[in-house]
Amino acid sequence: MTITRKAKMILEKDYRISEVDPRLYGSFVEHLGRAVYGGIYEPGHSRADNEGFRDDVASLVKELRVPIVRYPGGNFVSGYNWEDGVGPKEKRPRRTELAWRTIETNEVGVNEFSQWAKKVNTDVMMAINLGTRGVDAARNFIEYCNHPGGSYYSDLRVSHGVAKPHGFKLWCLGNEMDGPWQIGAKTAYEYGRLALESAKVMRGVDPSIELVVCGSSNRAMSTFAEWEATVLDLTYDEVDYISLHTYYGNRDNDTPNFLARSLDMDQFIDSVVAICDYVKAKRRSNKTIHLSFDEWNVWYHSNEADSQIEPWSIAPPQLEDVYTMEDALLVGSMLISLLRRADRVKIACLAQLVNVIAPIMTETGGSAWRQTIFYPFLHASMFGRGFVLQPIVKSDRYDSKDFTDVPYLDSIAVLCEESDALTIFAVNRNLEGGLEFECDLRGFHDYRVVEHIVLAHDDLKATNTARQPDNVVPKANGKAEAQAGQLKALLPQASWNVIRLAKSCL
Ligand code: AHR
């Protein structure tokens, strides 16, 4: 039986949350599994360029218009010696990599990655190792990367064939340092002190950088909130952003509950904003700390397969989640959550980019294709730049195992003034039928629907694979219509919708 639900939204042209920082559409490449080796880099592949980077993968990355990519980890960074990845490739050591229990060949290091980043028109968000290392390595590394020349490490870079400094602007002070799984995990006090002293020397070398301090690994950590408060208290004056990470799964196959998980993300963001502002108030500071949601995605499909992987292999297929239609819906909602708090979330990284819990998959020696989650990210990155409008939403609701009052409609809108374009992103969480959607467009009387893109599939478990890369693809077949400031649409059952409006010339 089909059950149609209803929702209404009001948008007012001048009621704005914030301008979107384009870095909200960042991503992440870790030395993990086949993200680097067999992913972005595969010398010998028919589509590899002279440096060994795959052109087919690079074009899919470019399609996503990712403005920043976090590198090289992740858990990997907490045991990483950056010196292993520079200089002549034949002299680089092979190391046991303890985070993921593999062998790291170091064929790709900071200089190669920076070259790849240029190829795909992105900036690098560099992370330093605060697990096994500290102040000294941080100082040397930033000197190698950002100092023009005339000093030991900058001259070393020049001797490696990189005359111009990389000038990386955004740096992460370690990764998930609260997690017991982290190499060199620390208490909040231990980490806060180390992050502060590392930040000071890094800014000493390059005062123009921005720094991200580690928040909790997720909202369920027992130290959550206390960790943020302690770390920020110690580092407040030296850092610009605090990190948030979250991954969701549908292990018990409870899709209504799974689709509601973005409500947890909303609460996580609101809580971290509150903690930042509590520390600000306590310190009588005028400075505001912003949020870097630098790991977020769905992650659970590959857990079982990963437990079978033989340790100490090179670039094994790890964390290779094959995403479903329902995963794309949650990713769409997570993007809406990030946009909803664009006033405070300035950076976000979809974790990750290629092969490892990624929108882009490859076969080693074979093709590259778009996973289901590629599409909501693509649409948000393409059409979600400008000003986020403050929506008023009235929607039918449901209760699930972990959430009450879940609105069937999850929606946000972004106005690009330069092109007079208004885009409404909307997820219909109703699994039993369509959603009758009405939107009162105040101040947009002369706007008409240009296109209503829909991503939906009869089977919520449908995936895209090497053999069937276009099984789940968006279609511009939605029927939204707008007249005199009133928009009406029937959002199909369990769908991701992009309703694009533009000022009419008539
Ligand atoms: O993205 C995969 C892993 O998830 C990262 O290495 C780590 O930071 C997080 O736990």
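We count ligands from 1, going down the list as the structure has it; atoms in each ligand are counted the same way. Values below: all heavy atoms of this structure, side chains included; hydrogens, waters and symmetry mates excluded.
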| query | Aromatic rings Y247 and W299: how do their planes relate, parallel, tilted or perpendicular, breaks at 30° and 60°? | reply | perpendicular

| message | Parallel, tilted or perpendicular: which one describes the rings of Y153 and W82, with boundaries at 30° and 60°? | response | perpendicular

| query | Does at least one non-hydrogen atom of W100 fall below 4.0 angstrom from an atom of ligand 1? | reply | yes

Going by distance only, is there an N or O of [X] that falls short of 3.5 Å from an N or O of ligand 1?
X	answer
Q352	yes
N175	yes
W181	no

Would you mind listing which atoms of ligand 1 come within a distance below 4.0 Å of any non-hydrogen atom of [X]?
X	answer
I357	1 (O)
F28	1 (O)
W299	2 (C), 3 (C), 4 (O)
E176	7 (C), 8 (O), 9 (C), 10 (O)
Y247	1 (O), 2 (C), 4 (O)

Report the nearest protein non-hydrogen atom to [atom]: residue, atom name, distance rounded to 0.1 Å.
atom	answer
atom 7 (C) of ligand 1	N75 OD1, 3.2 Å
atom 6 (O) of ligand 1	E30 OE1, 2.6 Å
atom 4 (O) of ligand 1	E295 OE1, 3.1 Å

| remark: Applying side-chain contact (heavy atoms from CB on, under 4.5 Å) to A462 and not counting sequence neighbours gives H457, D459, N471, V472

| query | Side-chain donor-acceptor pair under 3.5 Å between N129 and S78, yes or no? | reply | no

| field | D178 (side chain) donor-acceptor with S217 (main chain) under 3.5 angstrom | value | yes

| task | Between V356 and ligand 1, find which residue part has any heavy-atom pair under 4.0 Å and reply side chain, backbone, both or neither. | result | neither

| said: Quick check on ring-ring contact (aromatic ring centres under 6.0 Å, His included): which of F377, F383, Y375, W496 does F425 satisfy it with? | reply: W496

| field | For D84, the option from R92, K89, R95 that meets salt bridge (Lys or Arg N to Asp or Glu O under 4.0 Å) | value | R95

| said: Are the side chains of F76 and L32 in contact, using a 4.5 Å heavy-atom criterion? | reply: no

| query | Think R219 forms a cation-pi with F268, using NZ or CZ under 6.0 Å from the six-ring centre and within 45 degrees of its axis? | reply | no

